[in-house]
*Asks:* 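First the structure, which I've put down as structure tokens, then a few questions once you've had a look.
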Amino acid sequence: MLLSACVSNALAAEPTLSEKLALLAKAYPEAIAEIGDGALILRGGGAALLIDDGRLKSHVEKLEVGDIEDSLSQIYPLGPCAKPPAADFDPGRIRSEALMKRLYGDSAARVRRDLVTVDWFGERLSVTGRHGVARALQAVEAELASRPKLKRYLVPNAGTFNWRHIAGARTLSVHSFGAAIDLNTGFADYWRWAGRGKIGTAPYRNRYPLEIIEIFEEHGFIWGGRWYHFDTMHFEYRPELIAIARQAGSSACR
Ligand SMILES: [Zn+2]
């Protein structure tokens with residue numbers, strides 16, 4: 001028995017920043033050459049990306065202008081459990097837009113060049129072929145296909161690639177990079193709808209079966225249903241956060 005019941009934050013041990021960065025590099029080996037002195041060195045040239053801009057930020061500022069360190073700051077909880085997220089707990093919703101652009105492309109046209117088609121229960125999804133995203137999503141579909149009772153939650157899908165900003169924000173949605181999928185909106189709950197646009201004004205709710213979430217997580221996708229700014233139909237490919245969660249022993253079921 002490694003864990004005692006008194007572990008209050010559901011973590012076995014939070015990895016250090018350098019451990020997190022090593023897992024980030026391992027998640028995108030075709031893009032990240034190495035972790036340099038305070039910066040990420042990317043393959044194919046271009047400027048190194050600053051890991052930590054040193055600025056003290058509020059949660060809202062992290063969401064707006066997160067750096068790489070900010071994007072790894074909250075540990076994502078894994079597993080077939082869901083509960084209302086604590087205030088400002090948005091694991092994965094903080095992103096480094098600079099890094100996302102270097103991973104997938106910095107314009108709609110550039111991202112589009114790498115889109116491939118994934119079969120989703122007979123629907124055709126446009127997803128980026130970079131960093132194993134399309135392969136991972138096809139594996140999710142194959143695994144879900146063996147459980148026909150889940151199909152009604154999965155189709156019609158509500159979109160994959162779409163170069164756009166997050167509603168009400170200036171930051172790009174991960175849909176812009178072809179690395180996210182929204183499931184059937186018929187079961188969706190979204191903080192902005194539920195709370196009439198104001199965070200914290202409506203109770204959290206999830207109507208998707210948790211085995212769906214577990215399968216996505218196994219293949220490197222995080223779920224928007226774990227966020228204080230919840231978006232329960234949304235999944236995005238963030239294998240670095242899944243790897244960090246595994247190393248941290250982070251569970252949604254504690
Ligand atoms: Zn989405």
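What you see is a predicted model, and the numbers here were worked out from it, not measured in a lab. Side-chain atoms are counted along with the backbone in the values below, which use heavy atoms only and exclude waters and symmetry mates. Both counts, for ligands and for their atoms, begin at 1 and track the order of listing.
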*Asks:* Examine all N, O or S atoms of Glu236, backbone included, and report whether one is under 2.8 Å from the Zn ion (ligand 1).
*Replies:* no

*Asks:* Of all the N, O or S atoms in His234, which has the shortest distance to the Zn ion (ligand 1)?
*Replies:*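 Of all N, O or S atoms in His234, the Zn ion (ligand 1) lies closest to ND1.
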
*Asks:* Are Phe187 and Arg152 packed together at the side-chain level, in the sense that at least one heavy-atom pair is separated by less than 4.5 angstrom?
*Replies:*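 In short, these two side chains touch, coming nearer than 4.5 Å.
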
*Asks:* Between His234 and Trp227, what is the ring plane arrangement, given parallel below 30°, perpendicular above 60°, and tilted in between?
*Replies:* tilted

*Asks:* Which of the N/O/S atoms in Asp182 sits closest to the Zn ion (ligand 1)?
*Replies:* OD1

*Asks:* Output yes when Arg110 and Asp114 qualify as a salt bridge under the 4.0 Å nitrogen-oxygen rule, no when they do not.
*Replies:*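 Yes, Arg110 and Asp114 are salt-bridged.
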
*Asks:* Assess whether a salt bridge exists between Lys20 and Glu14, defined as any Lys/Arg side-chain N lying under 4.0 Å from an Asp/Glu carboxylate O.
*Replies:* yes

*Asks:* As a test of reading the structure, name the N/O/S atom of His175 that is nearest the Zn ion (ligand 1).
*Replies:*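 Within His175, restricted to N, O or S, the Zn ion (ligand 1) is closest to atom NE2.
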
